[in-house]
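Here the structure is laid out as structure tokens; the discussion comes afterwards.
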Amino acid sequence: MQSFSEILERVYDMTAISNIVSEPSYLLMYVIAFGLLYLGIVKKYEPLLLIPIAFGVLIANFPGGDMGVVQADSAGMVTLADGTVRNIWEMPLHDISHEFGIITYLYYALIKSGLLPPIIFMGVGALTDFGPMLRNLKLAIFGAAAQFGIFAVLLAALALGFTPQEAASLGIIGGADGPTAIFTTIKLAPHLLGPIAIAAYSYMALVPVIIPLVVKCLCSKDELLINMREQDKLYPEKNEVKNMKTLKIIFPIATTTIVAIFVPTAVSLVGMLMFGNLIKEIGPDTNRLFQTASNGLMNTATIFLGLCVGATMTAEAFLNWTTLGIVAGGFLAFALSIASGICMVKVWNIFAKKKINPLVGATGLSAVPMASRVCNGISTKYNPKNHVLNYCMASNVAGVIGSAVAAGVLISFLG
Amino acid sequence: MNNLSTGLLLMAAGMVTVFVILLIVIYFGKLLIATVNRLPDKDSMNSQNSAQAPVPAPQPAPAEPVPAATEAGNGIYDLITPVGGTFKLSPDSEGRRPNLPFKFKKGDVLCKITNAEGESSLCASEDGTILAVLVENGSRVDINDVLMNIGR
């Protein structure tokens, strides 16, 4: 009888139940994971990313499962199971895998090393068409205006007592660009990676709600009725693009060179973005590379990135007030970015004869291509013939470059 | 307080850099466009798009595109695509060509264009008749390509 109850006790200890009972905070993490899975599967909010992240959250929070990411402190020190303290950067990767489990291994090998975000950027580049931006180059400037939210929230977060590195990672959510946010956070405040990635991706998924909200607050009906095509007819563009194919091939090469000279820290993002775009635009000669970059490699990277980012959200790392601040700050950053883009258009319209639809400013916030589609939806609601999609794509794509440059600036100042 | 001044500095430096870089990209892009325009124009003629999507010889006076149609006089006008992407005929989702001339009502979806940004439907703004479909189903079209001839 004695031995039977002993065995039962052993079995009970083997399961996660004992740990969950002693630390009920895990239950809250399961609820969060199930909630995110629901949003991804049923509501279809960015399912390609949210589902790996949500499942990562789930598997990370079973004590004893060793699937959660173990974060080193700022000096790189971690405590092993036997109580000794070691510098994680001096540990070989197989030791990390042995001590902390396979997900921590993947996290340090693929994410902490900064490998995956540039690869995803390459895929994004391969899926981006710079054509609309090259046709309406002037509109690219609104991609810069809409980065204001990043810095405004950075300032607000500093005032609330975040460290500059944390504040910068929080602000970069306003760039509305998942890989950029992750890349910046890894460099500046890796302990906030989970919540920041979740905030960035869920607000990107909420773009169809946030943009109409801000537009409704700031724009009048007359402004939304501005028809860009008619404006183009009234004031035609001076230099029409005649040879788009050649231009599209030269553009990524030239832009990489310019950005690399001025903001070298942004090259890992902008450079890879433009490389992906270049192999797409060259056409049949590099088609095999393009296929890999935009499909196989991108999807592989997304799976690992999603799972590892989710797994950083262990109960002890996630359940604190900082997370709440990130959720609130992220929303503010998004809304401010959209608003500043719109305001810049309004200022522009005061001085210029050729009016611009304020929706073009709203899309300066990256979130390609969802933001453009949403804005096109708004404009066609007021006038079914008024398609602003192409003009929005111009500032939208420029916004990607803008937020990558902003990330480069933050990393070089604070990293 | 020290942190706040760091923040202000970052804000100023960051916004200025972002603006300057994009301004440079814009002006450099303009320069690039001007340069490329002077190059012999052989690529764009044989580019993939026009090879796959045989666009007929320009209709008499292809006027400025009104959101998706241009008038060529005598009640016949061209349906022009406001976005680039893959062309899909809509009256029949299987992609079979409608029996021409095909009568449609205001608000009917004439065709759909699918691209990385999603799917755009081109709706009829008034009643009319499709007289000719100029693009193969499933082929790539570029912005401002003529898709169909429509009669009032």
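Proteins get letters first, then strands, A, B, ... in listed order; numbering begins at 1 in each. Being a predicted model, the structure only gives us computed values, none of them experimental.
In this structure, the portions of A:Ala152 lying under 4.5 Å from any heavy atom of chain B include both its backbone and its side chain. Heavy-atom distances place the side chain of A:Met344, and not its backbone, under 4.5 Å from chain B. When heavy atoms are compared at a cutoff of 4.5 Å, B:Phe19 approaches chain A by way of both its backbone and its side chain. The contact between A:Leu247 and chain B is made by backbone and side chain atoms together, counting heavy-atom distances below 4.5 Å. For A:Ala167, no part lies near chain B; criterion is any non-hydrogen pair under 4.5 Å. Contacts between B:Ile21 and chain A at a heavy-atom distance below 4.5 Å involve the side chain alone, from C-beta outward.
Residues B:Val25 and A:Met133 have side chains in contact (heavy-atom distance under 4.5 Å, counting atoms from C-beta outward). The closest side-chain heavy-atom distance from B:Thr17 to A:Phe262 is not below 4.5 Å. Side-chain contact between A:Lys242 and B:Arg38: absent, with no pair of heavy atoms (C-beta onward) separated by less than 4.5 Å. Using a 4.5 Å heavy-atom cutoff, the side chains of B:Val18 and A:Ile401 are not in contact.
Once rounded to the nearest 0.5 Å, the distance linking CG of A:Leu137 with CG of B:Leu32 reads 9.0 Å. Separating the CD1 atom in A:Ile250 from the CZ atom in B:Phe28 is a distance of 9.0 Å, to the nearest 0.5 Å. Taken to the nearest 0.5 Å, the CG atom of A:Leu158 stands 7.0 Å off from the OG1 atom of B:Thr6. Separating the CG atom in A:Leu414 from the CG atom in B:Leu10 is a distance of 5.0 Å, to the nearest 0.5 Å. Between the CG atom of A:Leu154 and the CG atom of B:Asn3 there is a distance of 10.0 Å, given to the nearest 0.5 Å. Considering CD1 of B:Ile33 and CE of A:Met244, their distance stands at 7.5 Å, rounded to 0.5 Å.
With a 6.0 Å radius and a threshold of 12 heavy atoms from other residues, nucleotides or ligands, A:Phe148 has its CZ atom at or below the threshold. Residue A:Tyr235 places its OH atom among more than 12 non-hydrogen atoms of other residues, nucleotides or ligands, all under 6.0 Å distant.
When all heavy atoms of B:Leu22 and A:Ala140 are compared, the pair lying nearest together is CD1-O, 3.8 Å. Closest heavy-atom contact between A:Phe413 and B:Ala13: CZ-CB, 3.9 Å.
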